Amino acid sequence: MKKLTLLLGVLVLALGLLAAGCGGGKKAEKGQDPVLTKDELIVGTEPSFAPFEFPKENSKELTGFDMELIEALAKDMGYKKCTIKNMGFDALIPAVNNDNLDVAVSGFTITEERKKQVLFSQPYYKSGLALVVRKENADIRSIDDLGGKKIAVQIGTTGAMYAEKLKSKGAEVKTFNTSDLACMELKNKGVDAVISDRPVLQYFLAQGGNAYAKMVGKALSAEDYGIVISKKHPELQKALDKSLDNLKQNGTYDKLYEKWFGEKPAK
């Protein structure tokens with residue numbers, strides 16, 4: 001009986017080793033980043049930034065330019081699955097650096113301050129900040145008219161950073177967890193203006209915001225969006241850049257861009 005028990009134990013161990021050897025995941029090359037050998041890419045986003053990331057109507061699933069782009073990139077990189085995790089914007093970079101996420105894509109502007117904390121992919125979208133006010137407002141025509149006014153922004157964004165500089169001119173800055181909430185505060189007449197990314201405000205106006213709001217002045221700045229990667233994973237950064245080049249060359253990027261922005265990307 002003892003011999004039979006011993007034999008069964010050896011067989012179980014052998015089967016376990018065999019299963020481990022045949023398990024999922026790509027074959028790792030010597031020195032290769034483990035993130036590149038997985039079957040699943042874990043992506044973080046804050047889904048209230050239409051048309052880049054937002055919930056589908058009557059669904060918990062997310063859609064938008066960023067969402068479709070990262071799914072196409074994951075497929076090109078050889079991942080079998082792309083899992084999107086929803087979290088607060090301020091939590092995304094810490095989650096990437098703690099390896100709770102592989103990457104984050106959420107309309108992140110590439111800034112020198114952020115580059116001290118993380119790596120970025122090559123730019124995938126050129127944006128800029130803009131300003132919206134209520135339709136009846138005739139006092140605010142540009143950024144120069146915001147002295148002493150109340151401004152709504154999304155916390156942690158470059159719009160929030162820009163607004164902070166206006167405090168020296170007497171402006172009051174109110175921060176919100178999402179751009180949608182900042183625009184709602186404008187609708188409720190709690191603020192005089194909203195500063196956010198131009199394409200986001202354009203989409204907000206097109207989706208009904210123009211009933212009570214309008215965009216004024218010129219673009220406040222030119223900004224590049226990039227995908228966030230931990231500094232521990234430079235090989236992942238290179239792989240993302242290579243796949244982004246592939247999508248641009250095979251026409252996938254142009255199709256997604258035209259679908260979400262109604263025009264072809266500038267060359």
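It should be emphasised that the depicted structure is a prediction, and the values quoted were computed from it without experimental measurement.
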Quick one: list whatever passes side chain to side chain donor-acceptor pair (under 3.5 Å) with [X], sequence neighbours left out.
X	answer
Glu258	none
Lys232	Asp99
Thr158	Glu223
Ser127	Tyr225

Worksheet item: Would you call the rings of Phe54 and Tyr203 parallel, tilted or perpendicular, where under 30° means parallel and over 60° means perpendicular?
Response: tilted

Practice prompt. Answer whether the closest heavy-atom distance between the side chains of Tyr253 and Pro265 falls below 4.5 Å.
Written response: yes

Distance from [X] atom [atom1] to [Y] atom [atom2], nearest 0.5 Å?
X	Y	atom1	atom2	value
Asn100	Ser230	CG	OG	11.0 Å
Gln122	Lys248	CD	NZ	4.5 Å
Leu247	Lys75	CG	NZ	10.5 Å
Phe108	Phe49	CZ	CZ	10.0 Å
Thr111	Phe120	OG1	CZ	5.5 Å
Thr37	Tyr79	OG1	OH	8.0 Å

Worksheet item: Can you name the nearest heavy-atom pair linking Leu62 to Lys56, along with the distance?
Response: O-CE, 4.1 Å

Worksheet item: Which heavy atom in Val103 sits nearest to a heavy atom in Leu236, and how many Å separate them?
Response: CG1-CD2, 3.8 Å

Item to complete: Please name all residues satisfying salt bridge (Lys or Arg N to Asp or Glu O under 4.0 Å) with Lys174, sequence neighbours left out, ordered by chain then number.
Response: Glu185

Worksheet item: Lys165: what forms a salt bridge (Lys or Arg N to Asp or Glu O under 4.0 Å) with it, not counting sequence neighbours?
Response: none

Quick one: does any side-chain atom of [X] pair with a main-chain N or O of [Y] as donor and acceptor, under 3.5 Å?
X	Y	value
Lys214	Asn137	yes
Asp102	Ile42	yes
Asp197	Pro199	no
Asp66	Gly107	yes
Arg134	Lys189	no
Lys231	Lys116	yes

Worksheet item: Do Leu101 and Val105 share a hydrophobic cluster (ILVMFWY, side-chain heavy atoms under 4.5 Å, transitive)?
Response: no

Discussion item. Under a 3.5 Å threshold, yes or no: a donor from one side chain and an acceptor from the other, between Glu40 and Thr83?
Written reply: yes

Worksheet entry | Flag for Glu46-Ser48: side-chain donor and acceptor within less than 3.5 Å | yes

Among residues at least two apart in sequence or on other chains, which ones pass side chain to side chain contact (heavy atoms under 4.5 Å, CB included) with [X]?
X	result
Lys259	Glu68
Asp224	Ile110, Pro123, Lys126
Lys242	Asn246
Thr157	Phe89, Gln154, Ala160

Practice prompt. Given side-chain contact (heavy atoms from CB on, under 4.5 Å), test Val96 with His233 step by step and report yes or no.
Written response: CA-CA 10 Å; Val96 167; His233 302 293; over 6 Å; no

Worksheet, complete the sentence: Paired with Val118, the side-chain contact (heavy atoms from CB on, under 4.5 Å) test is passed by just one of Ile229, Leu92, Ile227, Ile93, namely Ile93

Worksheet item: Taking it one step at a time, do Tyr212 and Glu136 satisfy side-chain contact (heavy atoms from CB on, under 4.5 Å)?
Response: CA-CA 8 Å; Tyr212 64 89; Glu136 67 271 18; 6.0 Å; no

Fill in: Aromatic ring proximity, centroids under 6.0 angstrom, Phe261 and Phe52
yes

Fill in: Cluster companions of Val133 among Ile, Leu, Val, Met, Phe, Trp, Tyr (side-chain spacing under 4.5 Å)
Leu129, Leu131, Ile140, Ile143, Leu146, Ile151, Val153, Tyr162, Leu166, Val173, Ile195, Val216, Leu220

Practice prompt. Give me the other members of the hydrophobic cluster that Ile155 sits in, counting Ile, Leu, Val, Met, Phe, Trp and Tyr linked by side-chain heavy atoms under 4.5 Å, directly or via other members.
Written response: none

